[in-house]
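First comes the structure, then the notes that go with it.
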Amino acid sequence: MALVGAMIGAAAGGWINDAFGRKKATLLADVVFALGSAVMAAAPNPYILILGRLLVGLGVGVASVTAPVYIAEASPSEIRGGLVSTNVLMITGGQFLSYLVNLAFTEVPGTWRWMLGVAGIPAVIQFCLMLCLPESPRWLFIKNEKAKAISILSKIYEFPRLEDEVDYLSSQLEDERQKKNGVSYWDVFRKKEIRLAFFAGAGLQAFQQFVGINTVMYYSPTIVQMAGFHSNQLALLLSLIVAAINAAGTVLGIYLIDHAGRRKLALTSLFGVVISLIILSWSFFVESSDSTSVLYGWMAVLGLTLYIAFFSPGMGPVPWTVNSEVYPEAYRGICGGMSATVNWVSNLIVAQSFLSVAEAVGTGATFLILAGVAVVAFAFVIVFVPETKGLTFEEVEAIWKEKAWGSGSTTRSLLERGNEF
């Protein structure tokens with residue numbers, strides 16, 4: 001139900017972002033999440049607990065759309081990737097901390113109520129701190145609040161760069177406002193350059209899930225036990241190590257994403273993921289035929305560790321970073337919300353099907369299927385995802401116009417706009 005809530009929250013989050021701004025969307029997500037945590041902690045029966053999970057999911061869904069866009073729009077282009085990736089670090093770091101918090105609460109009376117209730121504390125802290133932060137300057141420009149936008153930009157840029165940024169945003173303002181007046185969900189599929197951008201962004205989000213990352217995170221204790229380590233304590237400890245590697249890998253990704261680039265980082269990550277999944281698959285295949293050897297169990301743990309080590313610096317942050325920068329301003333909220341919904345739907349499909357598929361065809365075969373998906377993802381990135389490292393939003397938009405209409409994209413765009421009016 002948390003995933004269902006996240007799907008709904010992500011779908012609505014794009015519209016909320018565009019209508020009310022990035023700051024108010026974040027504040028709303030915090031309120032809903034904190035409310036959901038309180039409902040779960042106080043739940044008198046399973047039905048109220050499920051309602052709390054739904055509310056938490058709604059908050060997560062809205063936040064998953066808002067945070068990358070807000071960070072990207074307030075960041076200089078040369079460090080935008082690293083700053084958006086920091087958001088992913090906060091998520092993976094939060095997952096690691098949640099393992100530690102839950103471990104601490106295992107010996108406390110009312111165990112699960114404490115585990116679920118304290119989840120509201122970060123939301124309350126973020127709500128209070130968010131009140132001190134400004135709105136996205138780009139969103140304010142679109143809403144014709146230039147004075148506020150310039151005041152915020154002056155805190156980000158030194159004077160010469162500030163002047164350039166303000167001039168550039170002003171020149172883009174009228175064009176964006178004209179687009180904004182005619183924006184609809186249908187445009188995402190009707191306009192070729194938007195469709196191509198959405199296909200690349202949503203495809204990355206889908207493949208992020210279908211290569212199995214949340215399967216590994218959700219079921220890492222189960223996978224460790226499948227590998228032959230039957231002690232619950234040892235399984236939890238190994239899962240804690242997996243979560244720590246996930247967080248550490250994201251730190252590496254923050255550096256690499258603005259140095260190596262989004263595309264190269266994603267391809268390297270996927271190559272390593274394929275190798276890791278093959279090791280995992282092989283270890284389970286041979287373990288099933290020779291269950292007496294501990295070696296194969298350790299091979300499975302090695303495959304699991306390598307998988308996280310390769311995934312976390314690349315396919316962890318890259319889809320969120322790319323989705324925060326590949327859409328024109330007028331469509332950023334709508335497309336960001338739709339692609340985040342694709343991510344959550346894919347997450348739900350993988351999470352609900354993994355154990356059933358593993359039971360039907362075997363764990364080794366399941367990981368081999370995921371390796372096949374990762375190969376397809378590798379080809380997808382090569383064909384459909386352009387490099388956006390260091391580019392302004394407008395330069396990225398020009399890439400999609402060229403892909404859609406060829407080198408005469410500017411002329412074509414003007415003709416198309418003339419037809420619309």
> Can we say R161 and E158 salt-bridge, meaning some charged N sits less than 4.0 Å from an Asp/Glu carboxylate O?
Replying inline: no
Can you give each donor-acceptor pair under 3.5 Å made by side-chain atoms of residues 120-134, sequence neighbours left out, with the distance rounded to 0.1 Å?
from : atom 1 : to  : atom 2 : distance (Å)
Q126 : NE2    : D30 : OD1    : 2.6
Q126 : NE2    : D30 : OD2    : 3.3

>> Suppose the criterion is side-chain hydrogen bond (donor to acceptor under 3.5 Å, both in side chains): which pairs have a residue in residues 110-119, not counting sequence neighbours?
In response: none
> Taking the six-membered ring for Trp, are F198 and F189 parallel (under 30°), tilted (30 to 60°) or perpendicular (over 60°)?
Replying inline: perpendicular
> Stepwise, does the side-chain contact (heavy atoms from CB on, under 4.5 Å) test hold for T363 with F285?
Replying inline: CA-CA 8 Å; T363 312; F285 274 126; over 6 Å; no
> Where does the angle between the aromatic ring planes of H259 and Y255 fall among parallel (under 30°), tilted (30 to 60°) and perpendicular (over 60°)?
Replying inline: parallel
> F199 and F384: ring pair (Phe, Tyr, Trp, His ring centres under 6.0 Å), yes or no, with the steps?
Replying inline: CA-CA 8 Å; F199 182 67; F384 296 109; 4.9 Å; yes
>> For T66 and T26, which I'm curious about, is there any donor-acceptor pair between the side chains at under 3.5 Å?
In response: no
> Looking only at heavy atoms, which two atoms of R22 and S136 are closest? And how far apart?
Replying inline: CG-CB, 3.9 Å
> Taking atom CG of N246 and atom CG of L89, what is their separation to the nearest 0.5 Å?
Replying inline: 9.5 Å
>> Nearest 0.5 Å, please: how far is CG in L162 from OG in S154?
In response: 6.0 Å
> Which distance, rounded to the nearest 0.5 Å, do you find between the OG1 of T86 and the CD1 of I79?
Replying inline: 9.0 Å
>> For a quick test of reading the model, state the closest non-hydrogen atom pair linking A200 to W400 and the distance between them.
In response: CB-CH2, 3.7 Å
> If you round to the nearest 0.5 Å, how far is CG of L204 from CG of N343?
Replying inline: 10.5 Å
> side-chain contact (heavy atoms from CB on, under 4.5 Å) between V32 and V62: does it pass, once the steps are laid out?
Replying inline: CA-CA 10 Å; V32 174; V62 174; over 6 Å; no
>> So that I know where these two stand, are F378 and F271 an aromatic pair - ring centroids less than 6.0 Å apart?
In response: no
>> Check this for me: F310, atom CZ, are more than 12 non-hydrogen atoms of other residues, nucleotides or ligands nearer than 6.0 Å?
In response: no
> What pair of heavy atoms forms the shortest contact from T366 to A358, and how long is it?
Replying inline: OG1-CA, 3.2 Å
>> Is there a ring pair (Phe, Tyr, Trp, His ring centres under 6.0 Å) between F367 and Y307? Walk through the geometry before answering.
In response: CA-CA 11 Å; F367 283 119; Y307 176 95; 8.1 Å; no
>> Any salt bridge linking K403 with E193? Criterion: basic side-chain nitrogen under 4.0 Å from a carboxylate oxygen.
In response: no
> Given L391 and I399, is the side-chain contact (heavy atoms from CB on, under 4.5 Å) satisfied, shown in steps?
Replying inline: CA-CA 10 Å; L391 301 180; I399 290 175; 3.5 Å; yes
> If you round to the nearest 0.5 Å, how far is OG of S276 from CG of L306?
Replying inline: 4.5 Å
>> With side-chain contact (heavy atoms from CB on, under 4.5 Å) as the criterion, how do L116 and L49 come out once you've worked through the C-alpha distance, each side chain's angles and the decisive distance to 0.1 Å?
In response: CA-CA 10 Å; L116 299 176; L49 182 63; 3.7 Å; yes
>> Please check: side-chain N/O of N323 versus main-chain N/O of G336, any donor-acceptor pairing under 3.5 Å?
In response: no
>> Checking salt bridge (charged side-chain N to carboxylate O under 4.0 Å, His left out) between E325 and each of R262, K389, R332, R138, which is the one that passes?
In response: R262
>> Tell me if the NZ atom of K24 is crowded by more than 12 foreign heavy atoms within 6.0 Å.
In response: no
> What is the distance from atom OG of S312 to atom CE of M315, rounded to the nearest 0.5 Å?
Replying inline: 12.5 Å
> Are Q209 and S346 linked by a side-chain donor-acceptor pair shorter than 3.5 Å?
Replying inline: no
>> For a ring pair (Phe, Tyr, Trp, His ring centres under 6.0 Å) check, start with the C-alpha distance between F20 and W15, then their side-chain angles and the critical distance, and finish with the verdict.
In response: CA-CA 8 Å; F20 302 106; W15 175 81; 5.6 Å; yes
